[in-house]
Amino acid sequence: MEWSACLDEYEKLVIRMTTPRVVIDNAVCPTSTVVKVDSARKHGILLEAVQVLTDLNLSIKKAYISSDGRWFMDVFHVTDLNGNKLTDESVINYIEQSLGSFHYGQTNDFSGSTALELTGTDRVGLLSEVFAVLSDLQCSVADAKVWTHNGRIASLIHVTDSNSGAPIENVQLISLIEARLRNVLKGDNDIRSAKTSVSMAVTHTERRLHQMMFADRDYERKPILESVPTHSPVAVTVQNWLERGYSVVNVQAKDRTKLLFDVVCTLTDMGYIVFHATVNTIGDRGYMRQRVIQCLEAAVERRASEGVRLELSTPDRQGLLADVTRTFRENGLNVTRAEVSTMKETAQNVFYVTDVMGKSADGKIIESVREKIGLSCLRVKELPPLVYHKEGRERDEQAVGGVAGTVLLSLGSMVRKNLYNLGLIRSYS
């Protein structure tokens, strides 16, 4: 009995140590909801926590993160995108359940579709050719995200059979889809770097796009078009504090949603950061430090929204995306980023477009395109303002030492025997 009782106590202790403890408090801070998470330390756990919050489109205004020994402790100050505290019980319950297990279901479930991964050299009209091929092969696009950066394109497209609505599993058809898309991506000058792959696995879309861009080494490439960027430059510095046994990474960038996710995701997938670092994780070698800087700059810039935001809402049909993107191409509009989704047979799509030189699109051309696609279906939206509120602005500016709308993330990779610590992170992402 005594041995059995010891085993029961041990099992309870293991459960307590491996099950995160989550507390959500609306009383501590007058301007934000405080989310506290205590959990056993493991590699990538910070990314999982941030991913839960950002997938809900929450704004992380401040975060204090630390790891002592084998225990991870963090505090997030969050609001909705309008700067309000969280009051929706369903959202609060979802956060508690998700952070309490770290085995949460993805906010977008694409288990009933086939995933197509595409990378290659970006060019005007490329997206219209991709969607034309899929339409011709009777593939319906259930969801898609497209990023472009430094003349490269990465896209994750979830498709189903347009006749049955089921995932595409026919081996011959999959091979045909891959071959035709590869030919489109190759064009005339991208014989080696164009890549296509098909997967049935469910993955986090935005993290996978970062991984695809990183594997494509977009951070080493130069833009093909000399566009005028609408976002501020990113400043990244790396300092090795050898006497303290850790490295500190500072990222200063224009504030926007999901900024913290992009930074933590990139560092985690590079094998750095928070919990498995050593004194020389980033290293004394200059090229390693420079690589970290390049990769973080690229991670922040990939999601930057170049061009005019166009929102399409219309009943879905076979070939819709091919027709819309062909109209863009025929009118000299280049798609720099796209988010495609279908909800209850309605297409809800967002496109960011520039002219063929990467500059701001002419307003008359935009209106002409709207007339051809449908004025009531295609709407022009201004670039979303920074999620930055006047209350507390001066206090926050002094805290980060920046200017209005600028955020400074300070990330430390720390290791000293059993003491792990990730310093202070301040963000509005």
Side-chain angles (χ1 to χ4, degrees), residues 37 39 41-51 53-54 60-77 210 214 219 232-256 258-302 395-403 405-429:
V37 184
S39 65
R41 177 181 57 79
K42 68 173 183 178
H43 178 65
I45 197 161
L46 173 59
L47 175 59
E48 293 183 32
V50 173
Q51 185 173 301
L53 299 174
T54 55
I60 302 174
K61 299 185 71 65
K62 289 188 294 186
Y64 301 92
I65 299 164
S66 64
S67 178
D68 188 357
R70 296 186 177 184
W71 199 250
F72 178 86
M73 297 159 282
D74 56 11
V75 179
F76 297 98
H77 290 246
H210 275 303
F214 175 74
Y219 55 88
S232 299
V234 183
V236 181
T237 60
V238 177
Q239 296 173 302
N240 287 329
W241 291 8
L242 300 180
E243 69 280 6
R244 299 188 182 183
Y246 59 80
S247 300
V248 174
V249 179
N250 292 307
V251 181
Q252 190 167 4
K254 200 72 171 177
D255 188 25
R256 61 165 172 76
K258 300 191 177 182
L259 176 60
L260 181 57
F261 170 82
D262 293 338
V263 171
V264 174
C265 175
T266 298
L267 286 165
T268 302
D269 285 337
M270 289 179 73
Y272 293 128
I273 281 231
V274 219
F275 307 114
H276 293 335
T278 65
V279 173
N280 295 316
T281 292
I282 293 175
D284 296 329
R285 295 166 294 181
Y287 78 91
M288 290 300 295
R289 182 184 290 106
Q290 186 59 31
R291 189 185 188 205
V292 170
I293 292 173
Q294 287 179 325
C295 290
L296 287 176
E297 288 174 344
V300 175
E301 292 170 355
R302 287 169 193 152
R395 178 179 68 252
D396 293 329
E397 285 177 17
Q398 293 173 358
V400 301
V403 296
T406 300
V407 60
L408 176 65
L409 305 181
S410 183
L411 301 175
S413 296
M414 308 182 180
V415 136
R416 185 177 298 167
K417 296 183 180 179
N418 292 327
L419 178 61
Y420 292 76
N421 182 16
L422 175 67
L424 169 67
I425 297 178
R426 298 184 64 84
S427 173
Y428 302 88
S429 61

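Heavy atoms only: backbone and side chains are in, while hydrogens, waters and symmetry mates are out.
- Between Ile60 and Val50, the closest side-chain pair of non-hydrogen atoms falls below 4.5 Å.
- The shortest heavy-atom contact between Asp74 and Ala49 is OD2-CB, 4.1 Å.
- Rounded to the nearest 0.5 angstrom, Glu48 CD and Cys265 SG are separated by 11.5 Å.
- In this structure, the side chains of Tyr64 and Met73 stay at 4.5 Å or more apart for every pair of heavy atoms.
- Residues Phe214 and Arg302 share a closest heavy-atom pair of N-NH2, 3.8 Å.
- Nearest heavy atoms, His210 versus Thr266: ND1-OG1, 4.2 Å.
- Remark: Leu296 CG to Glu301 CD distance equals 11.0 Å, nearest 0.5 Å.
- Rounding to the nearest 0.5 angstrom, the gap separating the CG atom in Leu267 from the CG atom in Leu46 is 10.0 Å.
- Annotation for Val234 and Glu297: closest pair O-OE2, 3.8 Å, computed over non-hydrogen atoms.
- Between the OG1 atom of Thr237 and the CD1 atom of Ile293 there is a distance of 7.0 Å, given to the nearest 0.5 Å.
- Minimum heavy-atom separation, Val300 to Arg256: O-NH2, 3.0 Å.
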